[in-house]
Amino acid sequence: MSGLRERFRAVQGAPCWVSLMAADLDRAHTFYGELFGWTFRSTRYGHGRYTIACTEDGVPTVGIGASAPTVGVTLPVTWTTYFAADSADEVAWRVQERGGTVAVGPLEFGNGRVAWAADPDGAVFGIWEGDLTSAWWGERRPGAPVWLELRTRDAFDAALFYGHVFGWDAQARERCDVRFEHDRVVLHIDGKAVAGLRGGALEAAPDPNVRPRWHAYFRVEDVDRVAEHTVALGGSVVSPPVDTPYGRVAALRDAEGGIFSVAAVQRGSTGERDDA
């Protein structure tokens, strides 16, 4: 990374990071490095191998770690969404109070504290208490996360859960706003649309793309070209490129099976609107 940026705290409940747990870290580096032009640097975080991926201009954008080997169990390769918390302990308590589960933590991790949890429908997410070096929702760089979307059973039930857990309503007059638009509940932080909650996923659906889960979208200039490149790198297309109110998007699968999405949004369009 070309220089560290000034550290800051994100508003509670704001998406603040996404991280991939890969089966083969070197293979993940090759795939995403070729696809998005990311470069990687090792960090001291955690007990296993963990790297920070940076955009072509050196801005930290995501984390990629190697899954710890588990005897007799194949761990899924998956992207996890993290939300900022003023107190990881308090947020973890609220998760359980509202019928969710806390799988790990809160525990010390690098310069902060982290926990991994699931909402009542089973969608997994992370809780992060600590400083950050990049507010990715404000970045419009190719390869940076540009949107998060929860596909779940009932978007309104999910909004009530996350709203209580992270205090979205309590901050509505200051930096946080939740609206219903384009058939989904949309979270705005500091005037920028950063995440959507969309209903209709089936809890028992065999395809993980439609089970309740958070989906990470990465900004690209040409969705169709990136979809083709994904296949050339050993990945696959889950949902082919299509135009939406938030720009042209596609759901893809990396070479190890991890699902992610890409979006091409234009400044001033409905998808970015200078606030997405």
Side-chain angles (χ1 to χ4, degrees), residues 15 17-22 27-38 53 55-56 61-62 64 76-81 123-125 136-137 139-152 155 181-187 192-202 205-273 275-276:
W17 193 244
V18 289
S19 184
L20 174 72
M21 293 308 295
R27 189 179 184 190
H29 285 176
T30 298
F31 179 88
Y32 288 102
E34 289 283 342
L35 192 66
F36 293 136
W38 290 344
T55 55
E56 291 182 340
T61 187
V62 302
I64 301 182
V77 174
T78 184
W79 284 96
T80 299
T81 296
V124 175
F125 62 97
W136 65 257
W137 61 87
E139 306 290 355
R140 292 184 166 90
R141 295 170 169 81
V146 70
W147 178 253
L148 295 171
E149 186 164 275
L150 174 67
R151 296 175 197 166
T152 188
E181 55 188 50
H182 301 303
D183 298 321
R184 70 203 73 195
V185 178
V186 178
L187 172 66
K192 299 179 176 67
V194 297
L197 292 76
R198 184 177 180 183
L202 302 177
D207 186 346
N209 190 48
V210 296
R211 290 203 298 266
R213 67 189 299 268
W214 282 96
H215 293 253
Y217 287 71
F218 299 94
R219 178 168 183 161
V220 299
E221 298 296 333
D222 187 331
V223 168
D224 298 78
R225 184 188 63 79
V226 170
E228 293 176 359
H229 199 184
T230 294
V231 174
L233 291 170
S236 60
V237 176
V238 177
S239 297
V242 62
D243 293 321
T244 77
Y246 290 92
R248 191 163 180 80
V249 304
L252 308 171
R253 184 178 278 112
D254 67 26
E256 293 189 309
I259 294 174
F260 64 102
S261 296
V262 292
V265 290
Q266 301 299 319
R267 187 178 300 277
S269 71
T270 302
E272 197 162 18
R273 300 187 314 281
D275 69 348

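It should be emphasised that the depicted structure is a prediction, and the values quoted were computed from it without experimental measurement.
Across every non-hydrogen atom of Val18 and Ala216, the tightest pair is CG1-CB, 4.3 Å. Listed here is the closest heavy atom pair of Ile64 and Ala22: CG2-CB, 4.5 Å. Shown here for Phe218 and Gly143, the closest heavy-atom pair between the two residues is CD2-O, 3.7 Å. For Ala264 against Val223, the heavy-atom pair with the smallest separation is N-CG2, 3.5 Å. Nearest heavy atom pair, residue Val249 against residue Thr244, reads CG2-CG2, 3.6 Å. Taking both residues in full, the closest heavy atoms of Arg151 and Ser261 are given as NH2-OG, 4.4 Å, listed atom of the first, atom of the second, then distance.
Every residue two or more places apart in sequence or in another chain was checked for a salt bridge (charged side-chain N to carboxylate O under 4.0 Å, His left out) with Glu256, and none qualifies. Remark: Asp222 engages no residue in a salt bridge (charged side-chain N to carboxylate O under 4.0 Å, His left out) (not counting sequence neighbours). Legend: residues meeting side chain to side chain donor-acceptor pair (under 3.5 Å) with Thr78, ordered by chain and number and at least two apart, are absent. Legend: residues meeting ring pair (Phe, Tyr, Trp, His ring centres under 6.0 Å) with Phe31, ordered by chain and number and at least two apart, are absent. Taking the salt bridge (charged side-chain N to carboxylate O under 4.0 Å, His left out) definition, one finds that Arg184 meets it with Glu149, sequence neighbours left out.
Under the 4.5 Å side-chain criterion, counting only non-hydrogen atoms from C-beta, Val62 is not in contact with Phe36. By the 4.5 Å heavy-atom criterion applied to side chains, Ile259 and Leu252 are not counted as neighbours. Counting heavy atoms from C-beta outward, Leu20 and Asp254 have side chains that approach closer than 4.5 Å.
To the nearest 0.5 Å, atom CG of residue Leu233 and atom OG1 of residue Thr30 are 9.5 Å apart. The structure places CZ of Arg213 at 12.5 Å from OG1 of Thr152, a figure rounded to the nearest 0.5 Å. Remark: Trp79 CH2 to Leu148 CG distance equals 11.0 Å, nearest 0.5 Å. To the nearest 0.5 Å, atoms CD (Glu56) and OG1 (Thr61) are separated by 11.5 Å.
In this structure, Trp38 and Tyr32 have parallel ring planes: the angle between them is below the 30° cut-off, well short of the 60° mark.
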Review point. Val186 and Trp147: side chain to side chain contact (heavy atoms under 4.5 Å, CB included), yes or no, with the steps?
Key: CA-CA 10 Å; Val186 178; Trp147 178 253; 3.9 Å; yes
Practice item. Go through the steps to decide whether Arg248 and Asp224 satisfy the test salt bridge (Lys or Arg N to Asp or Glu O under 4.0 Å), and finish with yes or no. Key: CA-CA 9 Å; Arg248 191 163 180 80; Asp224 298 78; 2.7 Å; yes
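Screening residues 228-237 for side chain to side chain donor-acceptor pair (under 3.5 Å), with sequence neighbours left out, gives no hits.
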